[in-house]
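Just below is one structure, and these are the notes that go with it.
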Amino acid sequence: MAFTAKCPNCKREAEVAFAWDSGERVTKCVCGNIAPVLGLAFNSKPEFLFKYRPHDSYSESWILKEELFFASPAMFNDPFDSKVMHTFEGTLEQKKKYLSQLLEDKLRGIRKKKKWDIINKALKEGFFEKYYDGHIARMQQSIDEYGIVSFSRKPDDLLMFAYYARDHSGYCLKYRRLAGNVLSMAREIVYEERYPRFSLFNFEPTKMGALGDKILFTKASCWKHEDEWRISFTGPGRRVVKSLQPILEGIILGCKMKSNKRNEILALNKRRARPVALFEARKKKFEFALEIVPIST
């Protein structure tokens with residue numbers, strides 16, 4: 001699921017991130033090296049992604065400036081979403097291997113005897129079990145520093161218009177995915193009936209991005225109707241980021257949007273250098289469904 005590529009410096013698998021200042025994809029390796037990456041595969045489907053929004057003081061940011069807000073997972077409404085839960089189940093050999101890789105990565109050039117003295121002492125003192133709660137808390141803090149922006153493949157979902165577009169009085173933004181824009185970094189959510197149970201030892205210490213993916217891109221199956229895709233970036237930083245390339249293709253007005261609010265959205269669109277297509281959601285007759293209809297101004 002994760003976007004990874006070989007680090008040209010240390011040859012390890014490294015996370016691929018989007019460099020906001022240049023619009024390039026770069027590898028961000030645990031060795032500290034950051035380098036452009038070429039030839040990353042791009043699946044053109046889905047062509048469009050959608051973002052449901054209330055009409056509020058941030059509408060200018062989303063519509064006029066084409067800015068994206070990357071929320072901390074600590075802000076999510078689902079109490080299970082992006083929460084760290086894993087075990088330390090594993091054999092003695094797995095624990096030794098994990099600690100050995102961890103020490104070799106953190107203490108480059110450590111002598112073999114010193115490394116194994118530390119490992120044996122840690123295992124004897126029940127290192128993993130003793131510090132489980134603290135380890136979980138530190139990992140959760142790291143996860144909460146991620147920036148996440150969520151989208152859907154659906155432009156006409158009744159529940160999402162209710163949840164995220166203030167009871168259908170807001171709007172839904174239509175974005176186009178291209179290989180050269182930030183939407184190319186979006187990945188789909190995996191929906192599961194049960195919370196995934198896994199051991200820390202299923203992941204190498206130098207490839208913890210895979211563990212982050214497991215946590216950030218798995219949700220309960222009751223949310224499956226959202227058909228969610230996400231973009232994530234690691235580490236603390238800017239939460240509001242302007243796209244370097246045009247990504248907004250259209251605006252869908254909710255079926256309960258008031259006329260004065262509708263006029264405000266239309267005015268924002270006219271202020272754009274390149275106004276986008278406008279639509280409105282209408283209730284279908286004799287169905288629990290919406291139809292998306294073009295509107296003219």
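Each residue takes its place number in the sequence, starting with 1.
Here Arg272 pairs with Glu66 under the side-chain hydrogen bond (donor to acceptor under 3.5 Å, both in side chains) rule; sequence neighbours left out. The side-chain hydrogen bond (donor to acceptor under 3.5 Å, both in side chains) check on Lys219 picks up Glu228, with sequence neighbours excluded. In this structure, the salt bridge (charged side-chain N to carboxylate O under 4.0 Å, His left out) partners of Lys115, at least two apart in sequence or on a different chain, are Glu104. Scored by the ring-ring contact (aromatic ring centres under 6.0 Å, His included) test, Phe161 finds Tyr52, His168 as partners (sequence neighbours excluded). Gln141 meets the side-chain hydrogen bond (donor to acceptor under 3.5 Å, both in side chains) test with no other residue; sequence neighbours excluded. Judged as a side-chain contact (heavy atoms from CB on, under 4.5 Å), and not counting sequence neighbours, the contacts of Asp117 are Lys113. Remark: Ile34 pairs with Val26, Lys28 by the side-chain contact (heavy atoms from CB on, under 4.5 Å) rule, at least two apart or across chains. For Arg271, the salt bridge (charged side-chain N to carboxylate O under 4.0 Å, His left out) partners two or more places apart in sequence, or in a different chain, are Glu60. Listed by chain and number, the residues in a side-chain hydrogen bond (donor to acceptor under 3.5 Å, both in side chains) with Glu264 are His55 (sequence neighbours excluded).
Within the 4.5 Å cutoff, side-chain heavy atoms of Lys114 are placed close to those of Ile118. Contact annotation: the side chain of Leu248 approaches that of Tyr175 to within less than 4.5 Å [non-hydrogen atoms, C-beta and beyond]. Two residues are said to be in side-chain contact when any heavy atoms from C-beta on lie closer than 4.5 Å; Leu173 and Phe151 fail this criterion. Between Leu68 and Ile247, the closest side-chain pair of non-hydrogen atoms falls below 4.5 Å. Side-chain contact check for Glu226 versus Tyr163: some heavy-atom pair is nearer than 4.5 Å. Residues Leu123 and Leu99 form a side-chain contact, since some pair of their non-hydrogen atoms from C-beta on lies under 4.5 Å apart. Arg153 has its side chain within reach of Trp229: a pair of non-hydrogen atoms, C-beta onward, lies under 4.5 Å apart.
Aromatic ring pairs are classed by plane angle as parallel below 30°, tilted from 30° to 60° and perpendicular above 60°; the pair Phe201 and Phe128 is perpendicular. Using a 30° and 60° split on the angle between ring planes, Phe80 and Tyr195 fall in the tilted class, from 30° to 60°.
Residue pairs meeting the salt bridge (Lys or Arg N to Asp or Glu O under 4.0 Å) criterion with at least one member in residues 162-178, sequence neighbours excluded: Glu47-Arg176, Arg176-Glu249. Within the structure, every pair that satisfies the salt bridge (Lys or Arg N to Asp or Glu O under 4.0 Å) test and touches residues 121-138, not counting sequence neighbours, is listed here: Lys95-Glu129. Residue pairs satisfying the side-chain hydrogen bond (donor to acceptor under 3.5 Å, both in side chains) criterion with at least one member in residues 74-90, sequence neighbours excluded, are listed as follows: Asp78-Trp223, Asp81-Arg230, Glu89-Arg197.
For an aromatic pair to be called close, the ring centres must be under 6.0 Å apart, and Phe69 with Tyr58 fails this.
Taking every heavy atom of both residues into account, Glu193 and Ser221 meet most closely at OE2-OG, 3.1 Å.
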